Amino acid sequence: MPSQVRDSPDVALYARRLLVAALCACCASACAVQTPSSVAPQFAADVQPILQARCVRCHSGAAAKGGWSADSYLSTIACDKQGTAQTLAADAGVPLLNVLGSKDHKDLLTPDERAVLEDWVQAGTPSRDGEMHPVGWLDPRSPNFHGTQLRKEGFARMLELSAPGACGKCHHGAPVRDPKLQVSPDRAPDCTSCHREPQGVLACGTCHGDGAARAYPPRDPCFFPNGPKAGAHAAHLSASKLRAGHLECSTCHPKVDELEVISGTHADGTVQVEIDKTLGGPDAHYDAATGSCTVACHTHKGHREQPRWGKDKGLTCNDCHTAPPANHYMGACSKCHPGVNDTGTQILDNTLHINGRVDLGRDGSRRCGMCHGGSDDPADPWPSSGAHPAHRGSSVSAPIACTSCHVVPMSVLDKGHIDHTAGPEITFGGLALARGAKPSFDAATKTCSDVPCHGAQLAAATGYAPSWHEASPGAARCGSCHTVPPPAPHTADTGCQAIICHGSEIAQWPDGPRISAAGLGRHINGKIDVGAP
């Protein structure tokens with residue numbers, strides 16, 4: 001190698017430091033505790049210049065060869081793409097030193113430069129001279145790692161200026177900092193030189209994930225081989241074909257005050273699981289023994305057992321519910337649920353899936369009109385099929401309540417409302433049972449009989465029975481349900497509008513009596529109103 005490389009200033013500086021240390025060792029009275037090991041090579045002063053000159057042209061940035069970069073202290077002591085730590089002893093030695101003997105690296109460094117690297121690795125890869133902090137202060141694998149030490153101390157020196165060795169007395173970027181701090185960044189670098197997230201050292205990824213890349217477990221397995229496992233964090237905190245957005249950490253863990261990140265049970269070393277019942281349901285809970293969650297989005301009604309944390313593969317359709325669910329209405333899914341196809345086999349809008357509620361209706365509003373209505377108005381519950389328009393209101397009556405022919409649920413998810421029964425379910429009530437009537441509905445012929453509002457007397461005399469799907473001539477005219485006037489004991493007088501009879505409820509027209517606007521609410525109301533209002 002060229003002589004100017006062997007005599008490089010960095011290597012020469014390190015040699016002079018060794019000489020001074022040796023002289024001090026001979027003068028016990030002057031340097032009683034100094035030894036050559038106390039001036040082991042430091043990364044910034046001794047090692048990094050060698051790496052910059054010899055290595056970074058190939059090992060730098062995201063495209064670094066072998067997945068190993070010499071750009072910084074942490075990248076230098078990190079693992080390659082195979083997960084092998086470059087500065088830790090392996091079965092066949094230290095990888096960083098072993099590679100220097102390979103065919104394409106053996107002449108890369110001078111003997112003096114290699115000696116610097118060997119001494120540095122042997123000393124524990126110190127980043128600085130250790131005058132304030134022990135060796136390994138910046139190495140996450142070291143027991144002296146500052147994160148490990150701060151956690152043991154309850155983060156006191158990071159949060160309190162009065163604590164011995166308080167970070168804020170020397171380092172800018174500490175959560176609590178001495179306002180008079182003027183220490184040179186060369187001696188005390190800014191915390192944000194490594195913790196570059198907007199929240200600095202208090203960013204979630206500092207303790208839970210991988211820095212700015214990820215704010216949830218696992219941590220970098222190279223630096224934290226015994227750290228928390230990944231579990232199903234990624235499945236919950238990233239979007240998927242089943243869910244558009246990610247869940248908040250507070251869905252499963254206590255919410256953290258942004259202004260007091262390290263407080264209470266947070267950062268006490270214990271994982272607290274408290275499932276938000278708004279999304280998880282009123283009975284949501286986590287079983288630490290089995291690692292399983294009982295929550296609305298992992299219902300036991302699916303085809304398999306409860307998912308276990310970190311033990312199961314990703315969920316798919318039919319793992320949480322069948323499509324359609326058991327005893328569910330068998331019509332097209334898209335008729336009642338927005339964002340799915342007709343057969344329920346594809347999510348078309350995943351913003352509405354796994355969102356803590358059942359979105360029903362074309363707009364997800366759960367209003368009756370979105371499933372039953374004949375218009376696009378969610379407030380309009382009236383279907384346009386069959387004789388619904390006739391019951392909605394006509395020239396002879398006010399709208400007939402849905403409860404006259406159907407059981408109206410209090411909630412859209414009430415039992416029996418949406419079930420496996422095909423077609424409409426007829427359960428007479430209210431007006432249909434007026435005056436002791438016992439109506440029935442023939443599903444085969446779609447006809448009603450013995451309904452008080454369809455003239456049981458007239459049906460008995462004429463055989464007339466209203467058909468649900470067939471328009472009956474004159475069905476909404478006087479005389480179609482009862483004669484005018486009705487048979488005895490009703491009077492034979494046809495002056496229905498007389499004030500002593502039905503008054504303003506009935507108006508006389510050339511073709512006979514008609515129900516007036518004022519009378520619509522009193523006609524077909526389940527009782528006989530006699531006399532002026």
Side-chain angles (χ1 to χ4, degrees), residues 232-248 251 276 278-281 284 293-307 312-386 388-389 402 406-426 443 469:
H233 279 107
H236 291 80
L237 295 171
S238 57
S240 71
K241 63 181 181 180
L242 298 181
R243 186 184 61 247
H246 64 83
L247 299 179
E248 298 295 333
T251 303
D276 181 2
T278 302
L279 183 62
C293 292
T294 299
V295 288
C297 39
H298 293 308
T299 173
H300 64 281
K301 297 178 182 179
H303 279 182
R304 69 177 188 180
E305 297 178 356
Q306 295 293 97
D312 288 308
K313 296 180 180 179
L315 299 176
T316 61
C317 295
N318 289 330
D319 281 335
C320 293
H321 59 77
T322 55
N327 297 322
H328 191 278
Y329 174 66
M330 298 302 292
C333 301
S334 57
K335 179 179 180 181
C336 295
H337 298 287
V340 298
N341 64 356
D342 289 348
T343 59
T345 56
Q346 184 179 358
I347 304 296
L348 304 179
D349 182 359
N350 58 8
T351 62
L352 301 176
H353 194 231
I354 315 181
N355 60 358
R357 65 180 185 270
V358 178
D359 292 293
L360 291 172
R362 292 185 294 276
D363 65 348
S365 67
R366 293 193 179 196
R367 302 183 72 173
C368 301
M370 283 289 88
C371 289
H372 297 291
S375 69
D376 290 329
D377 181 2
D380 179 7
W382 282 93
S384 58
S385 59
H388 278 113
C402 301
H406 307 286
V407 174
V408 177
M410 296 296 294
S411 168
V412 70
L413 297 179
D414 280 359
K415 184 177 180 180
H417 179 223
I418 302 176
D419 57 23
H420 65 284
T421 304
E425 297 179 54
I426 306 300
H469 291 299

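Fair warning: this is a prediction, and the values are worked out from it, not measured in the lab. Only this structure's heavy atoms are used, side chains among them; waters, hydrogens and symmetry mates stay out.
Judged by distance alone, the side chains of Thr251 and Asp276 never bring a donor and an acceptor atom under 3.5 Å apart.
Summarising the geometry, atom CG belonging to Asp349 is positioned 14.0 Å from atom NE2 belonging to His337; distances are rounded to the nearest 0.5 Å. Atom NE2 of His246 sits about 13.5 Å away from atom NE2 of His233, to the nearest 0.5 Å.
With a 4.5 Å cut-off on side-chain heavy atoms, Ile426 and His406 count as touching.
Closest approach of Val340 and Ser334 over heavy atoms only: O-CB, 3.7 Å. Here the closest heavy-atom approach between residue Asn341 and residue Cys333 is recorded as O-CB, 3.6 Å. Closest approach of Ser385 to Pro389, counting heavy atoms only: O-CD, 3.7 Å.
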